[in-house]
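Only this structure's heavy atoms are used, side chains among them; waters, hydrogens and symmetry mates stay out. Note that the structure is a prediction, hence the values are computed from the model and not measured.
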Amino acid sequence: MKKTLNLVDDFQPGGIRSLLEDMSNAGIWPSDSWQVRTVNPCVPIRLDAPCDVIVVHYSMAWRKLTALTALRLSYPRAQLVIVEHHYTGSFEQHHVPNVRRFRQLLRLSYRLADRVVAVSAAQARWMRSASLVDTAKLQTIPACRDYSRFLAIPRVEKRDGPIVIGALGRLVPAKGFDLLIWAFARLPAEDFRLRIAGDGEQRDELQALAADLEHVEFVGHLDDPAPFLAECDVLAMPSRHEAFGLVCAEGKAAGLPVIVSDVDALPEQAHDCGLVIESENIEALCEAIVHVARPSRLERYSDRARKSVVNAWSQYLTAWSDLLA
């Protein structure tokens with residue numbers, strides 16, 4: 001069994017760390033052959049023991065490039081894999097003032113790797129169209145988690161009362177929670193309710209925006225999103241960019257229809273189990289919520305949502321086993 005070392009630079013729980021924890025718990029890789037280490041990617045990284053594969057999960061940046069180059073040169077026998085969890089075409093559109101310089105950074109970084117993993121088909125298309133990586137190095141493995149606890153949530157007939165729209169994630173502009181609040185300013189409180197779970201830099205701003213809306217609720221940070229999703233009828237994800245969107249897949253596993261914006265990987269996730277709307281179009285978001293909320297559609301989309309992810313985890317583990325082999 002090849003020894004694999006996963007490098008992350010995020011000390012916070014959730015996200016990539018949760019994904020790697022699920023992989024560790026899958027029982028496919030013995031503990032001595034599968035390790036996760038938190039590092040400072042801006043300084044040279046020294047390995048505690050030899051390994052066969054080094055998987056880099058942190059974002060690329062100019063200040064990290066020297067250390068990444070040193071890692072490649074210091075351990076030439078180890079296979080170097082870069083997983084691109086972060087950058088997408090929509091990210092580039094919203095956040096990159098100098099596209100030429102940004103793409104040069106990615107080309108130099110990816111050139112050091114033996115394999116580059118895209119976490120969605122849309123991301124892979126962008127990487128190819130921008131000529132960021134040698135096509136022979138590029139592999140697409142859609143991001144995934146162990147969805148078993150979400151699949152176990154019982155779905156019941158719609159209870160009386162307002163349709164509950166759930167939104168979950170970091171409270172940052174990229175997630176588009178402000179768009180949901182603006183939409184709910186137009187939706188009647190007797191018919192719809194918005195519950196937002198998560199925390200982040202935009203919390204105070206979003207709470208102030210929703211201050212006069214009695215049908216918008218903030219529930220704060222969640223250690224386990226499954227109980228939250230069990231209380232929702234629909235999951236809304238009007239993100240401005242999203243490399244994959246694990247929250248969307250978790251919502252589908254919980255049996256929720258999804259409403260997503262037409263950016264990056266989200267449209268491929270909503271196929272047959274929800275609606276795709278134009279990014280930052282508040283009117284379209286309102287119309288989608290009203291459309292999905294009809295009981296017959298809730299039931300139909302719910303069934304399709306669960307079926308779309310029921311085999312995703314086993315397929316994900318197989319893909320990674322094949323890559324590491």
- Task: Could you tell me whether Lys3 and Asp52 make a salt bridge, using a distance below 4.0 angstrom between a side-chain N and a carboxylate O?
- Result: no
- Query: With side chains defined as the heavy atoms from C-beta onward, is the minimum distance between Ile165 and Ile289 less than 4.5 Å?
  - Reply: yes
- Distance in Å, Arg111 CZ paired with Thr69 OG1, rounded so as to fall on 0.5 Å steps: 10.5 Å
- Message: Between the side chains of Arg17 and Asp22, is the shortest nitrogen-to-carboxylate-oxygen separation below 4.0 Å, so that they form an ion pair?
- Response: no
- Are Val219 and Leu229 in one and the same hydrophobic cluster, where Ile, Leu, Val, Met, Phe, Trp and Tyr link if side-chain heavy atoms are under 4.5 Å apart? yes
- Would you check if Leu5 and Arg37 make a side-chain contact, meaning some heavy-atom pair closer than 4.5 Å? yes
- Message: Between Val260 and Ser239, does the side-chain contact (heavy atoms from CB on, under 4.5 Å) criterion hold? Intermediate values first, please.
- Response: CA-CA 7 Å; Val260 302; Ser239 302; over 6 Å; no
- With sequence neighbours excluded, tell me which residues meet salt bridge (charged side-chain N to carboxylate O under 4.0 Å, His left out) with Glu280. Arg240
- Item | Hydrophobic cluster identity match, Val172 and Leu206, side-chain contacts under 4.5 Å | no
- Side-chain donor/acceptor of Arg145 to backbone N/O of Leu246, under 3.5 Å: no
- Would Arg149 and Asp224 pass as an ion pair if we require N to O under 4.0 Å? yes
- Task: Kindly indicate whether the side chain of Ser314, heavy atoms from C-beta on, has any atom under 4.5 Å from the side chain of Asn311.
- Result: yes
- Counting N and O atoms only, with roles assigned by atom type, does the side chain of Ser120 sit under 3.5 Å from a partner on the main chain of Ala243, one being a donor and the other an acceptor? yes
- Item | Chi angles and distances behind the ring pair (Phe, Tyr, Trp, His ring centres under 6.0 Å) call for Phe184, His215 | CA-CA 8 Å; Phe184 266 75; His215 54 326; 5.4 Å; yes
- Query: Which pair of non-hydrogen atoms, one from Ala130 and one from Arg107, has the smallest distance, and what is that distance?
  - Reply: O-NH2, 2.9 Å
- Give, for atom OG1 of Thr38 and atom CG of Leu7, the distance between the pair rounded to the nearest 0.5 Å. 9.0 Å
- Is the shortest side-chain N to carboxylate O distance from Arg186 to Glu283 below 4.0 Å? no
- Item | CG on Leu65 to CE on Met60, rounded to 0.5 Å | 9.0 Å
- Task: Please examine the side chains of Phe150 and Arg306, heavy atoms only from C-beta on, and report whether any two atoms are closer than 4.5 Å.
- Result: no
- Message: Could you check whether any side-chain heavy atom of Leu266 comes within less than 4.5 Å of a side-chain heavy atom of Met237, counting everything from C-beta outward?
- Response: yes
- Task: Give me the ring orientation class for Phe91 and His241: parallel if the planes are under 30° apart, tilted from 30 to 60°, perpendicular past 60°.
- Result: perpendicular
- Query: Just how far is it from atom CG of Leu187 to atom SG of Cys286, taken to the nearest 0.5 Å?
  - Reply: 4.5 Å
- Query: Donor-acceptor pair, Arg297 side chain versus His291 backbone, under 3.5 Å?
  - Reply: yes
- Closest non-hydrogen contact found for Val263 with Ser90 is CB-OG, 3.6 Å
- Query: If you look at every heavy atom in Pro238 and Gly176, which pair is closest and at what distance?
  - Reply: CG-O, 3.4 Å
- Query: Are Val55 and Val83 close enough that some pair of their side-chain heavy atoms sits under 4.5 Å apart?
  - Reply: yes
- Message: Under a 3.5 Å cutoff, is there a donor and acceptor pairing between the side chains of Asp262 and Ser279?
- Response: no
- What are the two closest non-hydrogen atoms of Ala67 and Pro44, and how far apart are they? CB-N, 4.0 Å
- Message: Membership question, hydrophobic clusters at under 4.5 Å side-chain separation (ILVMFWY): are Leu105 and Leu108 in the same one?
- Response: yes
- Message: If I compare all heavy atoms of Ala236 with all of Leu180, which pair ends up nearest, and what's the gap?
- Response: CB-CD2, 3.7 Å
- Item | Gln202, CD: over 12 other non-hydrogen atoms inside 6.0 angstrom | yes
- Message: Give me each pair satisfying ring-ring contact (aromatic ring centres under 6.0 Å, His included) with a member in residues 20-63, each pair once, sequence neighbours excluded.
- Response: Trp29-Trp34, His57-His85
- Message: Atom CG of residue position Asp32 - does it have more than 12 heavy atoms of other residues, nucleotides or ligands inside 6.0 Å?
- Response: yes
- Query: Is Val290 reachable from Ile277 through a run of hydrophobic residues whose side-chain heavy atoms are each under 4.5 Å from the next?
  - Reply: yes
- Can you tell me if Arg195 uses its side chain to pair, donor with acceptor, with the backbone of Gly166 under 3.5 Å? no
- Hey, mind stepping through Lys64 and Asp9 against salt bridge (Lys or Arg N to Asp or Glu O under 4.0 Å) and telling me if it holds? CA-CA 11 Å; Lys64 304 174 186 177; Asp9 66 346; 3.5 Å; yes
- Using atom types as modelled and distance alone, determine if a side-chain donor or acceptor of Gln123 lies under 3.5 Å from a backbone N or O of Tyr87. yes
- Message: So does Ala122 get a backbone contact from the side chain of Glu268, meaning a donor-acceptor N/O pair under 3.5 Å?
- Response: yes
- Heavy-atom count around Glu190 CD within 6.0 Å, excluding the residue itself: above 12? yes
- With a 4.5 Å heavy-atom cut-off, do Leu68 and Ile82 have their side chains touching? yes
- Task: Check whether any side-chain N or O of Gln269 sits under 3.5 Å from a backbone N or O of Gly245 as a donor-acceptor pair, and report yes or no.
- Result: yes
- Query: Just by distance, do the side chain of Tyr316 and the backbone of Met23 share a donor-acceptor pair under 3.5 Å?
  - Reply: no
- Message: What I'd like to find out is whether the side chain of Ile196 reaches to under 4.5 Å of the side chain of Ile181, using heavy atoms alone.
- Response: yes
- Task: Take Leu298 and Val292, measure what side-chain contact (heavy atoms from CB on, under 4.5 Å) needs, and give me the verdict at the end.
- Result: CA-CA 6 Å; Leu298 284 174; Val292 171; 4.2 Å; yes
- Pair Asp114-Arg72, salt bridge (Lys or Arg N to Asp or Glu O under 4.0 Å): steps then yes or no: CA-CA 10 Å; Asp114 297 289; Arg72 168 81 283 180; 2.8 Å; yes
- What distance separates Leu20 CG from Asn6 CG, expressed to the nearest 0.5 Å? 5.0 Å
- Message: Has Lys252 got a side-chain atom pairing as donor or acceptor with Cys273's backbone, closer than 3.5 angstrom?
- Response: no
- Task: Answer yes or no: is there an ion pair linking Glu201 with Arg170, defined by an N-O contact shorter than 4.0 Å?
- Result: no
- Could you tell me which non-hydrogen atom of Ala226 sits nearest to which non-hydrogen atom of Ile153, and how far apart they are? O-CD1, 3.4 Å
- Task: Check whether the side chains of Tyr110 and Glu84 place a donor and an acceptor atom closer than 3.5 Å, and report yes or no.
- Result: yes
- Item | Hydrophobic cluster identity match, Val8 and Ile141, side-chain contacts under 4.5 Å | yes
- Task: Could you grab the distance from atom CG of Leu168 to atom NZ of Lys175, nearest 0.5 Å is fine?
- Result: 9.5 Å
- Take Val234 and Leu256 through the side-chain contact (heavy atoms from CB on, under 4.5 Å) test and state the conclusion after the steps. CA-CA 5 Å; Val234 179; Leu256 301 184; 5.9 Å; no
- Message: Please check this pair: side chain of Asp233 against backbone of Val164, looking for a donor-acceptor N/O pair closer than 3.5 Å.
- Response: yes
- Worked verdict on Leu171 versus Glu205 for side-chain contact (heavy atoms from CB on, under 4.5 Å): CA-CA 10 Å; Leu171 304 187; Glu205 176 186 341; over 6 Å; no
